[in-house]
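Note sheet for the following structure.
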Number of protein chains: 2
Amino acid sequence: MSDPDPHLLIVDDDERIRDLLARFLKRQGFLVSTARDAAHARRLLAGLEFDLIVLDVMMPGEDGITLTERLRGEIRTPILLLTARGETEDRIRGLEAGADDYLVKPFEPRELSLRINAILRRVPDMPAARNLPKVLHLGAVRYDIDRGELWSGDTPVRLTATEVQLMRVFSAHPGEPLSRQQLVEELGRGASGDQPGAQERAVDVQITRLRRKIEADPKQPRYLQTIRGAGYMLSPD
Amino acid sequence: MSDPDPHLLIVDDDERIRDLLARFLKRQGFLVSTARDAAHARRLLAGLEFDLIVLDVMMPGEDGITLTERLRGEIRTPILLLTARGETEDRIRGLEAGADDYLVKPFEPRELSLRINAILRRVPDMPAARNLPKVLHLGAVRYDIDRGELWSGDTPVRLTATEVQLMRVFSAHPGEPLSRQQLVEELGRGASGDQPGAQERAVDVQITRLRRKIEADPKQPRYLQTIRGAGYMLSPD
DNA sequence: TCCTGACATCAAAAAGTTTTCACATGTTGC
DNA sequence: GCAACATGTGAAAACTTTTTGATGTCAGGA
């Protein structure tokens, strides 16, 4: 976190998406450059160092997968592909061409930053890569982000699927308040037409239980705090 | 899989463990060398290329974490640490020193080979690294190993936790029959003193359900086959 | 201080998952 | 073909997890 902000290159021919992602990712603390096609991207790559490239598969001219293949011959910078829903083949060819991960459109910007962080976390510290901690310290408790495991001292604490998802989201945004609404969406609970607010109550309950697992004194949470009117925030040591 | 077998270096001061692991991993198709301490390991590393190093943390002389730190200054070869149960700090310091993963003793050898494969899968293809496929093809169905996601054409198929675990194990041992007993153990169902065989029936049921999700004709399984008297085997395309 | 809205939490209900059991079906060796 | 055994599978039971609804508590503004 004290490292310099990672530099991202977004390559997408749709200007709206490019701007949207750029603005969002800048807010997340990344340095962002954009390119509208493969040729443009190559020009930028010739002159600048990037820590990660976000690449749309569907582009006029050289497509994302071809670009991935070519780049892999030259550089090791991680590549995350954006593929269209339905183009299963693209995803596979992309990974085989050397992409590090993919995301299916349409996606939540938040999900993108989650995956970017996951990749940066496991990239061996190349020049300028932010090496995010793989383990969150919460007093006597430790959370292993990639494995989704919680350890209380020496004993593993069993987390349910939903709890792991929650921790995953919180650890991608440490020290940042996340609203119940955001959390519900991250948990992938479809925005059904239920009584409004009903679903958010479920978040409360999950938080309560999570606190019982990570807080020394759940009544007086120190790490998983309530931000009144805003939501919840995880603050690791 | 057509790449040359990956070369592993096992560093552990306990000869019994060294031999046990070496034999097991050779059977899994790895090339294995062993060293009894840090100095010995360095000598081997000076002369040979390895694809992955398995390192015991507790060793007389230079300990595993120190060695990890030093090696990280020189080479990028992935390192997997073996830590003692209870030494939480070791795990964390290990990851921070640059280890790629850890395993807590005691562990199942099978779990070790699973993790080794997971690491090799995500290592960008350095010289001689086996690049295992990240996606298994099963006819029209695809399984993304790292993400534990199953796609039938364009639609994601929801897998339960146990199903994901099963797929995880099968994909680490493609084309290899796994006994019900092994599978039960992998699923972490403690070997309770129940009626013998009862637990194994549960595997059958899980297999049946998995087949319904991955086979075009579950009655006539093509990818997840029964090996009579031996267990089950997954054979991707 | 009292009210109000936001949050915490319990217990019950609902939903989902896994295991067991019983029986059907299939396979092998004689 | 038959016996003996291995495997397949539906359905009930057992269990786990998640959501809901009710109720209590707390913080902050009037």
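For the numbers below, each heavy atom of this structure counts, side chains included, while hydrogens, waters and symmetry mates do not.
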(request) Taking only the side-chain heavy atoms of B/Thr208 (C-beta and beyond), determine which of C/dT18, D/dT9, C/dA8 contains the nearest atom. (result) D/dT9
(message) Under 4.0 Å from OP1 or OP2 of D/dT19: is there any side-chain N or O of A/Gln206 that close?
(response) yes
(request) Could you work out which one of D/dT17, D/dT19, C/dT18 sits closest to the side chain of A/Val205? (result) D/dT19
(message) Short of 4.0 Å, heavy atom to strand atom, which residues of residues 214-227 of chain A count as contacting DNA chain C?
(response) A/Lys219, A/Thr226, A/Ile227
(request) Find the distance A/Lys213:NZ to D/dT18:C1' and express it as a whole number of Å. (result) 12 Å
(message) Using whole Å, what does the distance between atom P of nucleotide C/dC10 and atom CZ of A/Arg209 come to?
(response) 11 Å
(request) Using whole Å, report how far CE of A/Met233 lies from C1' of C/dC7. (result) 16 Å
(message) Test of understanding: with side chain to side chain contact (heavy atoms under 4.5 Å, CB included), list the residues that count as partners of B/Gln182, not counting sequence neighbours.
(response) B/Arg110, B/Leu178, B/Ser179
(message) Would you say B/Tyr232 places a side-chain N or O within less than 4.0 Å of OP1 or OP2 belonging to D/dA6?
(response) no
(message) How would you summarise protein contacts on nucleotides 22-30 of chain C per nucleotide, using B for base, S for sugar-phosphate only and - for none, with heavy-atom distances below 4.0 Å?
(response) ----BBS--
(message) For B/Tyr223, is there any backbone N or O sitting under 3.5 Å from a side-chain donor or acceptor partner on B/Glu215?
(response) yes
(message) Quick one, A/Thr83 with A/Arg93, criterion side chain to side chain donor-acceptor pair (under 3.5 Å). Give me CA distance, side-chain angles, the key distance, then yes/no.
(response) CA-CA 11 Å; A/Thr83 75; A/Arg93 290 205 299 126; over 6 Å; no
(request) Calculate, to the nearest 0.5 Å, the distance between atoms NZ and CG belonging to B/Lys213 and B/Leu138 respectively. (result) 14.5 Å
(request) Check every atom of C/dT20, D/dT7, D/dT19 against the side chain of B/Arg180 and return the nucleotide holding the closest atom. (result) D/dT7
(request) Would you please test A/Asp56 and A/Arg18 for salt bridge (Lys or Arg N to Asp or Glu O under 4.0 Å) and show each step? (result) CA-CA 10 Å; A/Asp56 188 21; A/Arg18 230 159 47 213; over 6 Å; no
(request) Check every atom of D/dG10, D/dT17, D/dT19 against the side chain of A/Arg158 and return the nucleotide holding the closest atom. (result) D/dT17
(message) Using the side-chain heavy atoms of A/Gln199, tell me which of these nucleotides is nearest: D/dT20, D/dT7, C/dT19.
(response) D/dT20
(request) Check the distance between D/dG8's C1' and B/Arg212's CZ and give it to me in whole angstrom. (result) 10 Å
(request) Identify whether the distance between the nearest side-chain nitrogen and carboxylate oxygen of A/Lys105 and A/Asp12 falls below 4.0 Å. (result) yes
(request) Verify the contact: side-chain N or O of B/Thr162 to OP1 or OP2 of C/dT18, cut-off strictly under 4.0 Å; return yes or no. (result) yes
(message) If I take atom CD1 in residue A/Ile207 and atom C1' in nucleotide C/dC10, what distance separates them, rounded to the nearest angstrom?
(response) 17 Å
(request) Look at A/Thr160 and D/dT18 and indicate whether a side-chain polar atom (N or O) is within less than 4.0 Å of OP1 or OP2. (result) yes
(message) Please report the distance, rounded to the nearest Å, between CG in A/Asp204 and C1' in C/dA11.
(response) 16 Å
(message) According to salt bridge (charged side-chain N to carboxylate O under 4.0 Å, His left out), does anything in residues 168-185 of chain B pair up with another residue at least two apart or in another chain? List the pairs.
(response) B/Glu111-B/Arg168, B/Arg180-B/Asp204
(request) Would you mind reading off the distance between B/Leu187 atom CG and C/dT18 atom C1', rounded to a whole angstrom? (result) 11 Å
(request) Could you tell me whether the side chain of A/Asp51 and the main chain of A/His7 form a donor-acceptor pair under 3.5 Å? (result) yes
(message) Can you list everything that forms a side chain to side chain contact (heavy atoms under 4.5 Å, CB included) with B/Ile227? Sequence neighbours excluded, please.
(response) B/Pro177, B/Ala230, B/Met233
(request) Would you mind reading off the distance between B/Leu210 atom CG and C/dT18 atom C1', rounded to a whole angstrom? (result) 14 Å
(message) Suppose the criterion is salt bridge (charged side-chain N to carboxylate O under 4.0 Å, His left out): which pairs have a residue in residues 221-231 of chain B, not counting sequence neighbours?
(response) none
(request) Report yes if at least one side-chain N or O of B/Arg211 is closer than 4.0 Å to OP1 or OP2 of D/dT7; otherwise report no. (result) no
